[in-house]
Each structure stands twice: as structure tokens, then as C-alpha cells.
Novice: 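I'd like to ask you about the structure that follows.
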Amino acid sequence: MINLELAIKEAFIEIFKQKFTADFNTDMVVVQQTRKEIEGDYTINVFPLVKAAAKAPEALAHEIGTGLVQILDFVSNYNVIKGFLNLTIADTYWLELAKTMTQDPNFGIKESDPNKSPILIEYSSPNTNKPLHLGHVRNNLLGYSIAEILKADGNNVVKVNLVNDRGIHICKSMLAWEKFSQGATPQSTNLKGDHLVGKYYVEFDRLYKSQIAELVAQGVEEEEAAKQAPAILEAQEMLRQWEAGNEQVVGLWKKMNSWVYEGFDATYQKMGVDFDKIYYESETYLLGKSTVQEALKNQVLFVKEDGSVWADLTDEGLDQKLLLRADGTSVYMTQDIGTAKLRMDDYQPSSMLYVVGNEQNYHFDVLKIVLQKMGYTWAKDIYHISYGMVELPHGKMKSREGTVVDADDLMDEVIASAEEITRQSGKMEGLSVEEAQQLFYKIGMGALKFFLLKVDPKKKMLFNPAESIDFNGNTGPFVQYTHARIQSVLRKSTDHTFEPWQSELIINDKERNLIKMIGNFPEVVHQAALGFSPALMASYVYDLAKEYNQFYHDNPILKEENKALASFRLDLSRSTAAIIRNALKMLGIQAPNQM
RNA sequence: GGUCCGGUAGCUCAGUCGGAUAGAGCAGCAGCCUUCUAAGCUGCGGGCCGUGGGUUCGAAUCCCGCCCGGAUCACCA
């Protein structure tokens with residue numbers, strides 16, 4: 001198939017040059033799809049060219065429109081409204097396009113070249129001191145979806161997770177467990193491992209707060225009290241012991257982390273996300289430290305009186321940044337430096353993407369600059385995919401106020417809602433118990449995922465639980481339903497094996513719109529990949545489903561008596577279903593065949 | 001205070017490398033199932049695109065100021 005927009009643009013430029021002047025900027029010629037309510041398929045705005053042509057907009061548009069109809073056989077007609085030249089494309093072209101699309105079940109999906117160096121994407125990045133919550137859910141879904149979109153656009157993608165399994169926060173959980181748990185385990189308490197460990201993190205906080213309050217009551221300044229409280233001192237000591245390799249501390253650390261991983265695995269599986277490689281900060285922070293030491297030798301960094309190591313970024317308009325504490329322990333930045341280096345060595349990626357919340361924008365600015373100062377040229381290929389916080393109707397999530405939405409609970413709730421609504425609708429005919437469970441899962445998760453992914457990542461979003469399980473309108477289940485509906489038609493179409501393409505077909509507006517819309521899919525995939533934007537894909541697939549539903553409403557398919565037409569509509573339906581399935585897949589959403 | 005991000009219908013969001021009368025969904029109201037799945041379709045009402053300037057034939061979109069909200073500027077991650 002030829003590229004219509006390009007062909008039109010070239011022809012336009014050709015005609016313009018002949019008739020007027022060769023001296024104009026070809027960027028001024030922009031071919032776009034015509035607005036729905038106006039007759040035509042492609043539109044060129046001639047306003048930018050009136051000066052170069054020294055001609056009134058309408059006259060100019062008419063002149064070039066006439067020329068385009070003559071030169072391009074697929075342009076059947078044109079009209080002019082003000083300075084807008086609207087071109088009508090011949091139906092023979094649309095039918096040719098329809099034929100191409102419907103014969104390719106993977107239309108719009110590019111194969112990746114295995115020799116191309118990969119794009120590495122990090123997402124999830126949990127801490128091992130507490131279970132995943134709603135914010136992580138947005139992160140995981142975004143990361144997974146962006147990875148799938150990049151793959152569909154022909155890239156090799158390596159999905160990685162970075163588990164923050166070390167640091168002061170883990171020591172807090174460990175300390176509280178030692179003090180209060182009396183040896184509790186996931187088995188003994190029947191709690192998911194991540195939830196059990198999270199419980200002790202909260203316990204620590206309680207203890208710590210009470211100690212601070214006590215000190216303040218004794219007349220100590222609050223800030224000072226926070227530094228002196230025995231709990232935090234013990235936790236810091238524990239971190240030093242851990243870094244020193246103290247067997248008992250390391251043993252406890254291993255035990256508690258293993259509980260957490262078991263819990264995380266279950267959550268990831270339910271969420272439907274996965275990773276090609278999992279990095280652990282406990283395995284990368286030493287490389288970070290040595291990298292920092294090396295840079296120190298090369299005079300890139302400096303040491304303060306207390307022995308702590310810093311980067312001076314004041315030239316870049318940023319502050320000084322700590323890289324190693326006075327006691328030699330590493331911080332977040334140190335670990336990220338080591339991790340980045342390790343990944344470069346492991347995969348030689350063409351770029352490294354980090355899906356991390358916008359509260360860390362500064363961190364990533366610093367990371368890039370520090371790596372650049374250290375002389376790593378690949379630092380420029382680091383991209384922070386920054387996304388906004390998820391807020392609840394009554395404000396932000398706050399663990400202290402118990403308003404954190406737990407990921408496991410959330411998923412269970414949407415699935416339960418899906419079950420309730422599906423049972424009411426009575427559309428489970430013929431499904432086994434197992435299949436029905438699968439269906440509730442697909443629909444519930446479809447609702448949740450679509451709800452979270454349809455919003456532009458960089459914006460903060462409001463999570464309204466009631467709307468997240470809505471099944472009408474701009475929702476996952478609406479799109480899934482459209483797919484299921486098509487599947488139902490396809491199942492009943494066994495006697496329609498007619499080849500439509502030799503016949504002379506006359507198509508109507510709804511059919512033409514649908515063809516155009518499907519035809520846009522490859523470009524949408526590409527744009528979504530360039531913009532790291534699942535939201536764009538969600539928006540497209542919703543529009544496509546809506547377009548199909550209109551077509552479906554107005555046009556008989558199986559009941560159409562003209563065999564060629566019936567077969568054509570069936571092919572169009574099949575193609576729509578395939579696009580919906582592939583688009584949803586890029587959002588991590590499954591498309592049931594019945595619902 | 002510095003830096004960054006956002007402000008579009010009652011609510012949640014599209015639209016933002018300048019283009020035609022600013023679009024969806026939800027909520028509200030009114031219709032459409034003896035016919036391929038009504039989780040659908042059709043219609044109605046609803047907008048100083050935060051605000052004031054500027055650039056332009058043309059601004060929700062670009063530039064400047066201001067107002068409001070958020071993030072960040074940690075020896076937390």
C-alpha cells in the first residue's frame with residue numbers, strides 16, 4: 001500500500017511549485033485527516049501558503065484541488081471551505097486498504113529485529129518493607145504496557161525490576177520483627193509474606209514515634225529527638241552490621257526478604273506483569289560504591305570534613321549531592337549509579353527507561369548529571385518516565401491514616417465487582433465454573449487497568465473506586481464487550497466463506513469510517529511508542545470500539561443478503577476484533593470471547 | 001523562596017510540534033431489544049479552555065506577567 005498522506009503532500013508541493021514559486025517551506029504543507037462532520041478524507045490548510053502564492057485562500061485551494069484530482073487517481077473529488085482543501089479518496093482505495101488489513105491478523109504490529117540493541121525498561125521497583133499499593137499498581141501497569149507497546153513497534157525490550165532489598169527501611173522492619181513478633185511467620189499467621197513484613201514496618205514506626213514523643217516531653221527538640229530515639233539508632237546499627245556481613249543480621253534479612261518475594265510474586269502474577277531480569281540493590285550497591293570511589297580519585301567528587309563523599313552540581317543549577325555517608329554506607333543514588341553501570345554491561349541497551357513517580361524527578365536529573373560527570377556517555381540515553389501520583393477522592397494516600405489502597409485488596413475487589421455484574425447480566429451461559437472465574441478476572445482487571453492507563457501518565461490522577469469498576473462508556477469492559485460481541489458473530493458465521501474482494505462493493509459511511517480507523521492503527525502504535533503513552537492506545541481502542549458499535553448497530557452482517565457485502569462486513573469485523581485484541585494486549589488486558 | 005508539573009462541561013478526562021462550530025464518558029432527561037450479545041445505539045441540555053497582556057490571517061495550544069493546586073530542593077528510598 002502506498003502512503004496516502006505522503007503521496008498527497010508530494011503532489012501538492014509539485015503542483016504548487018509549478019504554478020507559483022519554488023521558494024517556500026514544504027513544512028507548511030500539512031496533510032491531516034478531515035474532521036468527521038465535514039465531507040472529505042484528507043485536508044490541507046492552504047493559509048500558510050497564501051503569501052507565497054499571492055492569491056486568496058479559496059482560489060488557491062481550488063486551483064490545487066483541481067490539480068490533485070487530475071494527478072492522483074485515488075483522489076476522486078475535493079471541496080473547499082474557507083482555506084481548507086478537503087480531498088475525497090476513492091472507495092477503490094479504501095477497499096484495497098481493507099483487503100490488506102483484513103488479510104493480516106497482525107496488521108500494525110511490527111516484528112522486532114533480534115540484532116537491534118534493546119531498550120531496557122525498569123518498572124515496579126518495590127521496597128521489601130511493605131506490600132504493593134495503588135501507586136505501585138499504576139507504576140506496574142504503565143511499565144508493562146509501555147514495554148508491550150515498544151515491542152509492538154518493533155523494538156527489543158528488556159523488562160527489569162529493581163528490588164530495593166537493603167537500606168535503613170528494611171532494618172526497621174527487621175528490628176520490629178525481632179522485638180515484637182515472637183517468631184511469627186507467614187505460615188504461623190496465615191498472612192501473605194509482604195503483608196506480614198509490612199506490619200512490622202508499621203510497628204517500628206509506632207515505637208519510633210512514641211520514643212520521639214517521650215524525648216520531646218523531656219524537653220528535647222523534636223528534630224534532635226528524631227535523631228536520638230533508640231529505635232532509629234538501633235536500626236542504623238543494624239544497617240552497619242548488615243553491610244559488615246554480620247551473619248545473624250544477614251540471616252534474618254534473607255528470611256524476611258524471602259517472605260516478601262513470595263508475596264510479591266503472587267501480586268505480580270495476579271496483576272499480569274513480568275520481568276526478564278530482576279536486579280537487587282544488595283547486589284549492585286557495592287559496584288555503586290566502587291564507582292564512586294573511582295570517581296573520587298578522578299577528582300570528579302569531593303570529601304567533606306566528616307569523610308562523607310559528595311558531588312558538586314552547583315554548576316548545573318542543582319545542589320550538592322551526598323553519595324557516601326561519613327560511615328561509608330551508601331545511599332539511594334549510590335545504588336542507582338551501580339545498577340545503571342551493571343545494566344549497561346549486561347545488555348548494552350540503546351536507552352534505559354525508568355518508570356518512577358514524579359516525586360523523583362530531581363533524583364533522575366541528578367543521576368544523569370552525576371553519571372555524565374563521571375564520564376559515562378550513555379548517561380544521555382537515560383529517560384525518566386515520570387508519572388503523577390494517584391489520589392483518592394478524600395485526598396492522598398497516607399499510611400498513618402490507613403487510607404492506603406492495598407494492591408491485593410484492590411484487585412480482589414474489582415474482580416468481585418465483575419463477578420457480581422456479570423452474574424446479573426446473565427451472560428455466562430455455557431461457561432464452566434473455572435471459565436467463569438477466568439472471565440470475572442479478565443473483566444475486573446480489564447476495568448482496573450483501563451481506568452488507570454487511560455489517563456496521561458504524567459498527570460496526577462484521581463482514583464474513584466466506584467468509577468474504576470464502571471463497565472459503561474469509556475472503560476475496559478466496554479472495549480472487551482465489543483470484542484466479545486464480534487466473536488459471537490464470527491462463531492455464527494460458518495456458512496459465510498464467500499470471497500468478497502472480486503465483487504464490486506458499494507460501501508457506506510460507517511464502513512468507510514471503520515476502515516479508516518483500522519488503517520490508523522500502525523501509526524497509533526508508533527506514536528504511542530514514541531510518546532511512551534498507553535493512554536494514547538487506550539483512547540484509540542475506545543474510539544475504535546465505539547466506531548464499531550455504530551457500524552454494528554446500523555449494518556446487518558450475517559443477515560445481509562448480498563453475499564459479498566456480508567462477507568466484507570464479516571472480514572471487517574474480524575479485523576476490528578484483531579485490532580482490539582492487540583491493542584488491549586498492549587495495555588495488559590485480555591479480550592474474552594464471551595461476556 | 002528556587003526549579004518542575006498541572007488548571008478544559010456538575011464530576012473524571014481527551015484535545016496542546018497554532019487551524020474549521022473545543023470533544024468523550026459519568027451524572028440528568030427522552031427514545032430504541034419477536035431481528036447477528038442493550039456491558040450497546042440515538043437524541044437533548046450543559047463551556048469567559050484559571051486570569052491579564054502579547055505574537056498571528058487564526059491561540060485551549062506559542063511567549064510574558066499574575067492567581068490557584070501539586071511535586072521537589074534529605075546523611076528516606
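The chains referred to below are lettered A, B, ... by the order of the sequence lines, with proteins before strands, and numbering in each begins at 1.
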Novice: For nucleotides rC11(B) and rA27(B), find the distance between their C1' atoms and express it as a whole number of Å.
Specialist: 8 Å
Novice: Expressed in whole Å, how much space separates the P atoms belonging to rU3(B) and rG65(B)?
Specialist: 10 Å
Novice: Compare side-chain N and O positions of Arg35(A) against OP1 and OP2 of rA22(B) and report whether any pair is under 4.0 Å apart.
Specialist: no
Novice: When both hydrogen-bonding distances must be under 3.5 Å and the geometry is Watson-Crick or G-U wobble, what is rG28(B) paired with, if anything?
Specialist: rC44(B)
Novice: State which of rU72(B), rC76(B), rC75(B) makes the closest approach to the side chain of Tyr362(A).
Specialist: rU72(B)
Novice: Rounding to an integer number of Å, can you tell me how far Asn464(A) CG sits from rU12(B) P?
Specialist: 9 Å
Novice: Counting just side-chain N and O atoms, does Arg325(A) come under 4.0 Å of either OP1 or OP2 of rC76(B)?
Specialist: yes
Novice: I want to confirm an ordering. Mapping Val489(A) and Pro457(A) to their closest nucleotides on RNA chain B, which one lands closer to the 5' end?
Specialist: Pro457(A)
Novice: State whether the aromatic ring of Phe84(A) stacks on the base of rA20(B), taking stacking to mean ring centres under 5.5 Å apart and ring planes under 30° to each other.
Specialist: yes
Novice: With a 6.0 Å cut-off on ring centres, are Phe12(A) and Tyr42(A) close enough?
Specialist: no
Novice: In whole Å, measure the gap between the C1' atoms of rG18(B) and rU56(B) for me.
Specialist: 9 Å
Novice: Can you tell me if Thr43(A) and Asn86(A) form a side-chain donor-acceptor pair at under 3.5 Å?
Specialist: yes
Novice: Where does the angle between the aromatic ring planes of Tyr542(A) and Phe478(A) fall among parallel (under 30°), tilted (30 to 60°) and perpendicular (over 60°)?
Specialist: tilted
Novice: For a quick check of understanding: with a heavy-atom distance under 4.0 Å over all strands, which category does Tyr552(A) fall into, base, sugar-phosphate or nothing?
Specialist: base
Novice: Out of rC36(B), rG25(B), rC75(B), which nucleotide sits closest to the side chain of Leu558(A)?
Specialist: rC36(B)
Novice: Take the angle between the ring planes of Phe47(A) and Phe84(A) and call it parallel below 30°, perpendicular above 60°, tilted in between.
Specialist: perpendicular
Novice: Starting the side chain at C-beta, find the nucleotide from rU37(B), rC41(B), rC75(B) nearest to Ser308(A).
Specialist: rC75(B)
Novice: Could you measure between the two P atoms, the one in rU12(B) and the one in rG58(B), and give it in whole Å?
Specialist: 35 Å
Novice: Between Asp470(A) and Leu462(A), just flag the one whose closest nucleotide in RNA chain B comes earlier from the 5' side.
Specialist: Leu462(A)
Novice: Taking only side-chain N and O atoms of Lys458(A), does any of them lie within less than 4.0 angstrom of OP1 or OP2 on rC13(B)?
Specialist: no
Novice: When you get a sec, tell me which of rA38(B), rA20(B), rC13(B) is the closest nucleotide to the side chain of Ile38(A)?
Specialist: rA20(B)
Novice: My understanding is that a pair needs two contacts under 3.5 Å, Watson-Crick or G-U wobble. By that rule, which nucleotide pairs with rU21(B)?
Specialist: none
Novice: Which nucleotide, rU42(B), rA24(B), rC5(B), lies nearest any side-chain atom of Tyr542(A)?
Specialist: rA24(B)
Novice: Report the nucleotide, chosen from rU42(B), rC26(B), rC73(B), that has the shortest atom-to-atom distance to any side-chain atom of Asp319(A).
Specialist: rC73(B)
Novice: Given the P atoms of rU16(B) and rG50(B), what is the spacing between them in whole Å?
Specialist: 15 Å
Novice: So that I know where these two stand, are Trp242(A) and Tyr285(A) an aromatic pair - ring centroids less than 6.0 Å apart?
Specialist: yes
Novice: Return the nearest nucleotide to the side chain of Lys459(A); candidates are rA14(B), rU37(B), rC75(B).
Specialist: rA14(B)
Novice: How should the glycosidic conformation of rC64(B) be described, syn or anti, under the criterion that syn lies within 90° of 0?
Specialist: anti
Novice: Leu565(A) CG to rC36(B) P: how many Å, rounded?
Specialist: 19 Å
Novice: Please report the distance separating the P of rC49(B) from the corresponding atom of rC57(B), rounded so that it comes out in whole Å.
Specialist: 23 Å
Novice: Could you measure between the two P atoms, the one in rA9(B) and the one in rG23(B), and give it in whole Å?
Specialist: 14 Å
Novice: For rG25(B) and rC62(B), measure between their P atoms and round to the nearest Å.
Specialist: 27 Å
Novice: Can you see whether Ser173(A) engages Asn129(A) through a side-chain donor-acceptor pair at a distance of less than 3.5 angstrom?
Specialist: no
